[in-house]
Amino acid sequence: MSECALEWNFVLTSLNFTWEVTLMKNFMIVLLLVFSFMLMANHSQAALLINEIEVNTENDGPNSSDSGKEFFEILSDLGSESLSGLTFLVIEGDGGGSGTIDKALSLDGFSTGTNGLFLWRDDSAVLLPAPDAATVINVADFDPDLENGSNTFALVRGFTGLEGDDLDTDDDGTIDVALPWSSVLDAVSAKDSGSSDNGYAAAMLAGGIDFPNISFAADSLIRLTTGQWIAADIDEANSDYPGPYPLDDTQAIFSDGTALVPSTALTFNTLSPGSANPALVPEPASLVLMCLSGLLAVAGLRRRQS
């Protein structure tokens, strides 16, 4: 090969190497940018939800009133998620007071724990069972207590209103004033047997949960880890301060009004402030399918190993 050909071949090889290095650098830059955008998008879309609410836990223990036993809980799908800019609202649903904002509790400065849970409770007594150690807990009296009866509970961003504001001036179940928030993250309502009572969760948010009229005034609202909402009374005869608080098997319903028996339908049947909520026990048919899937997986593993 001539000297000229060798030189030309060297030039082409150098150019090709330089092009490959440049291509690899550009690829890595694009990959890093895509990864960064994915992280930002995932963080910005973190779900923040109402997880559990307790408004009425009377018993004949040393503290026979609601005070010291009420709480609400927020759940995030990412750990240590900021709650700044958010407000927890309690909106009256009983008759002539429907639509009045009874409580507006600012969550500025708080965050969920590394387990995704934030608990606001009104007493520092040691709970039974104890909350998860990773849960962020705020202790502050609600003063006055969270009201029993018909209420809508909402988690909103950018709240500009005041406690006492009336969102439903004619008490017909429709919000008819300018909304004093920029967005609604979650909303759930429960109504007792009052025929003129209202719930506003579905009107505030697509996917908001309005329980139908219930024959009892629900003590608690619980988002199961399997996704369903239930409303239940506390079994006061078998509860004691400061817990555990078992759910009443005779007064518990799903959000569509279907009754359930918590002691058999749930993985456990007590309130769980500051810890993961119960789940639905799988139906027998589901258990069979799970067992079959497990057996097939084991058989497949043994076949590959043989």
Side-chain angles (χ1 to χ4, degrees), residues 46 48-91 101-149 151-157 159 162-164 185-188 190 218-223 225 232-234 236 239-247 268 270-278:
L48 286 161
L49 302 169
I50 300 169
N51 199 46
E52 190 172 19
I53 304 166
E54 173 58 32
V55 299
N56 185 33
T57 313
E58 295 184 2
N59 60 48
D60 54 4
N63 185 352
S64 59
S65 69
D66 294 349
S67 182
K69 307 169 198 171
E70 298 178 335
F71 68 85
F72 69 87
E73 192 177 71
I74 304 298
L75 172 69
S76 64
D77 59 351
L78 298 178
S80 303
E81 186 70 18
S82 173
L83 301 178
S84 289
L86 304 184
T87 303
F88 181 78
L89 299 181
V90 183
I91 303 171
I101 298 176
D102 283 343
K103 288 211 172 289
L105 301 171
S106 172
L107 301 179
D108 280 342
F110 296 114
S111 67
T112 59
T114 54
N115 61 353
L117 288 174
F118 168 80
L119 172 67
W120 184 318
R121 54 179 302 223
D122 63 347
D123 191 83
S124 58
V126 177
L127 289 168
L128 296 173
D132 188 321
T135 301
V136 171
I137 301 174
N138 177 53
V139 178
D141 193 358
F142 292 114
D143 191 27
D145 292 344
L146 297 180
E147 191 174 309
N148 308 338
N151 292 291
T152 297
F153 305 93
L155 183 64
V156 304
R157 188 182 300 278
F159 181 66
L162 297 170
E163 290 184 357
L185 283 67
D186 199 14
V188 59
D219 294 338
S220 57
L221 297 174
I222 303 169
R223 181 192 295 274
T225 57
D233 263 358
I234 301 302
E236 295 175 9
S239 67
D240 200 3
Y241 178 79
Y245 296 111
L247 307 180
F268 61 90
T270 62
L271 296 180
S272 56
S275 297
N277 289 348

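Given the structure is predicted, the values throughout are model-derived calculations rather than measurements. Heads up: numbering here begins at 1 and tracks the sequence.
- Across all non-hydrogen atoms, the minimal contact from Thr112 to Ser76 is OG1-OG, 2.8 Å.
- Residue Leu89 holds its CG atom at 12.0 Å from NZ of Lys103, rounded to the nearest 0.5 Å.
- Checked against the 6.0 Å centroid threshold, Phe153 and Phe72 do not count as a close aromatic pair.
- When every heavy atom of Asn148 is checked against every heavy atom of Val55, the shortest pair comes out as OD1-O, 3.0 Å.
- Distance CG/Asn56 to CD/Glu236: 6.5 Å, rounded to 0.5 Å.
- Distance alone, capped at 3.5 Å, is enough to place a donor-acceptor pair between the Asp122 side chain and the Glu70 backbone.
- A donor-acceptor pair under 3.5 Å links the side-chain atoms of Asp186 to the main chain of Ile50, judged by distance alone.
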Go through the steps to decide whether Phe142 and Val90 satisfy the test side-chain contact (heavy atoms from CB on, under 4.5 Å), and finish with yes or no. CA-CA 11 Å; Phe142 292 114; Val90 183; over 6 Å; no
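- Using a distance-only test at 3.5 Å, with no hydrogens or angles considered, no donor-acceptor pair links the side chain of Asn277 to the main chain of Thr225.
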Working for side-chain contact (heavy atoms from CB on, under 4.5 Å), residues Leu127 and Phe71: CA-CA 12 Å; Leu127 289 168; Phe71 68 85; over 6 Å; no
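- Separating the CG atom in Leu105 from the CG atom in Leu86 is a distance of 12.5 Å, to the nearest 0.5 Å.
- Note that the CG atom of Leu128 and the OG atom of Ser239 stand 12.0 Å from one another [nearest 0.5 Å].
- In this structure, the side chains of Val188 and Ile53 come closer than 4.5 Å at one or more pairs of heavy atoms.
- The two residues Leu48 and Ser82 have their closest heavy-atom pair at CD1-O, 4.0 Å.
- Here the side chain of Ser275 pairs a donor or acceptor atom with the backbone of Asp132 at under 3.5 angstrom.
- Shortest non-hydrogen contact noted between Leu83 and Ile74 is CD2-CG2, 4.2 Å.
- Judged by distance alone, the side chain of Asn51 and the main-chain N or O of Leu75 form no donor-acceptor pair under 3.5 Å.
- Atom CG in Asp219 sits 9.5 Å away from atom CG in Leu221 (nearest 0.5 Å).
- Here the closest non-hydrogen pair linking Leu119 and Pro131 is CD2-CG, 4.5 Å.
- Put simply, the side chain of Thr87 never gets that close to the backbone of Ser106: no donor and acceptor are under 3.5 Å apart.
- Legend: residues meeting side-chain hydrogen bond (donor to acceptor under 3.5 Å, both in side chains) with Thr135, ordered by chain and number and at least two apart, are Asn115.
- We find the CG-CZ distance between Leu146 and Phe88 to be 7.0 Å, quoted to the nearest 0.5 Å.
- Looking at Lys69 and Tyr245, their side chains come closer than 4.5 Å, going by heavy atoms from C-beta outward.
- A pairwise comparison of heavy atoms in Glu54 and Ser220 identifies OE1-CB, 3.0 Å as the closest pair.
- Side-chain atoms of Glu73 come within 3.5 Å of backbone atoms of Gly274 as a donor-acceptor pair (strictly under, hydrogens ignored).
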Determine whether Leu247 and Leu271 satisfy the following criterion, side-chain contact (heavy atoms from CB on, under 4.5 Å), listing intermediate values before the conclusion. CA-CA 7 Å; Leu247 307 180; Leu271 296 180; 4.0 Å; yes
